[in-house]
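Note sheet for the following structure.
Here the structure is a predicted model, which is why all the values come from computation and not from measurement. Numbers here simply count residues along the sequence, with the first being 1.
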Amino acid sequence: MAGRFEGKVLFVTGAARGQGRNHAVRFAAEGADVIAIDACRDIETVGYPGATRADLDDTVRAVEAHDRRIVASVVDVRDRAGVVAALDDGVAQLGRVDVVSANAGIAGFGAAADLTEEAWRTMIDINLTGQFFTAQAAIPHLVRQGDGGSIVFTSSIAGLKGTGFLSHYSAAKHALVGLARSLAHELAPHRVRVNTIHPTNVDTPMIQNDNLKTLFGGPDLTREQYAAAMTPMNLLPTAWVDVDDVTEALLYLASDAGRYLTGTALPVDAGLIAK
């Protein structure tokens, strides 16, 4: 039985690990070929290690294990020309692009009064401008193809709710909602839908690192202690959601099941927004 995305192509950023890798592999399991990019390096203002080329190679192998094609490149989403070139090359090899997962992002925290200019600019450049560059690179292909498509920005619960000590992160994630809703208007005549996903904490290296643990009791917390400290954030009794929970939302928004959803902000938040 053919998958939901047989004959389709996914373009995903931040694909070397975490949510991005999971999106790539799950779409491949559903029949899609994949165009994948990741910066594959540490980011100066981020307190946890970045992905590596070896991580991206693991994504390639995982996609190919589903007998699907993948075109993977080391590109930082802040590099507009690089994003355009990587996508153009992927489309040249795979024939098209149908789903855009603008997923690449970083996390960081600090009191607003203490944030350095570099920390602010890096957060905005990656989490907002880089996502815009991703969509901008894809729009000409989606319009030219003439048969619709889907762009999904990975935002956050911090894109729907103010969060202390995350002013730069929350500003970028809120801005993605406005960007998506504006693009939804522009692209509706071309049957291209644009939405945002808003996860609570997700069980990835962005959360599972000593730097963030310091906010919840210290870097020596066990996984169980860390989970106990994080659980009260959510309405449902869980510390974090799994990458599959986010991918399921992406699959829904990008598939025919979500064909009439555009300009929508979809929480995957264990009830955090309602709390």
Side-chain angles (χ1 to χ4, degrees), residues 10-15 18-20 23 35 37-39 43 75-84 86-87 97-108 119-145 148-163 166-200 202 206 246-247 249-254 258-269 273:
L10 167 72
F11 176 41
V12 57
T13 65
Q19 295 180 53
H23 297 340
I35 303 167
I37 66 172
D38 199 291
I43 303 299
V75 178
D76 190 315
V77 291
R78 292 174 289 182
D79 174 9
R80 181 185 180 279
V83 173
V84 170
L87 180 56
V97 62
D98 300 276
V99 180
V100 179
S101 171
N103 165 79
I106 58 171
W120 174 269
R121 290 189 182 278
T122 301
M123 184 66 71
I124 300 301
D125 286 350
I126 293 175
N127 285 16
L128 175 59
T129 305
Q131 297 228 36
F132 170 69
F133 288 163
T134 300
Q136 191 181 47
I139 287 169
H141 294 287
L142 295 169
V143 171
R144 173 182 52 79
Q145 288 165 184
S150 173
I151 300 172
V152 181
F153 295 102
T154 301
S155 182
S156 167
I157 54 93
L160 297 174
K161 181 177 182 177
T163 306
L166 292 172
S167 59
H168 55 339
Y169 182 80
S170 190
K173 294 300 190 178
H174 270 78
L176 288 175
V177 177
L179 173 60
R181 288 173 175 169
S182 295
L183 291 179
H185 280 272
E186 287 188 29
L187 298 177
H190 305 284
R191 292 186 295 134
V192 175
R193 298 177 296 105
V194 190
N195 296 288
T196 52
I197 295 176
H198 299 263
T200 184
V202 185
M206 184 179 283
V246 184
T247 302
L250 176 62
L251 287 164
Y252 170 63
L253 288 173
R259 65 189 181 275
Y260 292 125
L261 275 73
T262 194
T264 295
L266 177 62
V268 185
D269 69 342
I273 298 299

Phe11 side chain near Thr134 side chain, heavy-atom distance below 4.5 Å: yes
Atom CG in Leu128, atom CE in Met123: separation rounded to 0.5 Å? 11.5 Å
Side chains of Arg78 and Thr122 in contact at under 4.5 Å (non-hydrogen atoms): yes
Which heavy atom of Gly263 sits nearest to which heavy atom of Ala184, and what is that distance? N-CB, 3.7 Å
Provide the closest heavy-atom pair for Val75 versus Gly82 in the form atom of the first, atom of the second, distance. CG1-C, 3.5 Å
Can you measure from NZ (Lys161) to CG (Leu166) and round to the nearest 0.5 angstrom? 12.5 Å
I'd like to check Tyr169 versus Thr163 (side-chain heavy atoms, cut-off strictly below 4.5 Å). Are they in contact? no
Tell me the closest heavy-atom pair linking Lys173 and Asn127, and the distance in Å. CE-ND2, 3.8 Å
Is a side-chain N or O of Asp125 found less than 3.5 angstrom from the main chain of Gly130, in a donor-acceptor match? no
side-chain contact (heavy atoms from CB on, under 4.5 Å), paired with His198, selected from Val177, Thr154, Val246, Leu176: Val177
Any side-chain heavy-atom pair from Val152 and Val99 closer than 4.5 angstrom? no
Do Met206 and Gln19 have side chains that approach each other closer than 4.5 Å (heavy atoms only, starting at C-beta)? no
Kindly compute the distance separating CG (Asn103) from CD1 (Ile197), expressed to the nearest 0.5 Å. 9.0 Å
Do Gln131 and Val77 come within less than 4.5 Å of each other through their side chains, counting heavy atoms only? no
I want to check something: taking the side chain as every heavy atom from C-beta on, are Val194 and Phe153 in contact at a cut-off of under 4.5 Å? yes
Are the side chain of Thr13 and the backbone of Ile37 linked by a donor-acceptor contact shorter than 3.5 Å? no
What distance separates Ser156 OG from His174 NE2, expressed to the nearest 0.5 Å? 9.5 Å
Quick one: does any side-chain atom of Asn195 pair with a main-chain N or O of Leu253 as donor and acceptor, under 3.5 Å? no
Which heavy atom in Ala171 sits nearest to a heavy atom in Trp120, and how many Å separate them? CB-CH2, 3.9 Å
Would you sort out whether Ile139 and Leu183 count as a side chain to side chain contact (heavy atoms under 4.5 Å, CB included), showing the intermediate values? CA-CA 10 Å; Ile139 287 169; Leu183 291 179; 4.2 Å; yes
Evaluate the side-chain proximity of Ile151 to Leu142: yes if any heavy-atom separation is below 4.5 Å, no if none is. yes
Indicate yes or no for a side-chain donor-acceptor contact from Arg193 to the backbone of Leu261 under 3.5 Å, with no hydrogens or angles considered. yes
For the side chain of Asp98 and the backbone of Gly149, is there at least one donor-acceptor N/O pair under 3.5 Å apart? no
Determine the minimum heavy-atom distance between Ser170 and Gly162, stating which atoms define it. OG-CA, 4.2 Å
Shortest non-hydrogen pair, Thr196 vs Ala265, comes out as OG1-CA, 3.3 Å
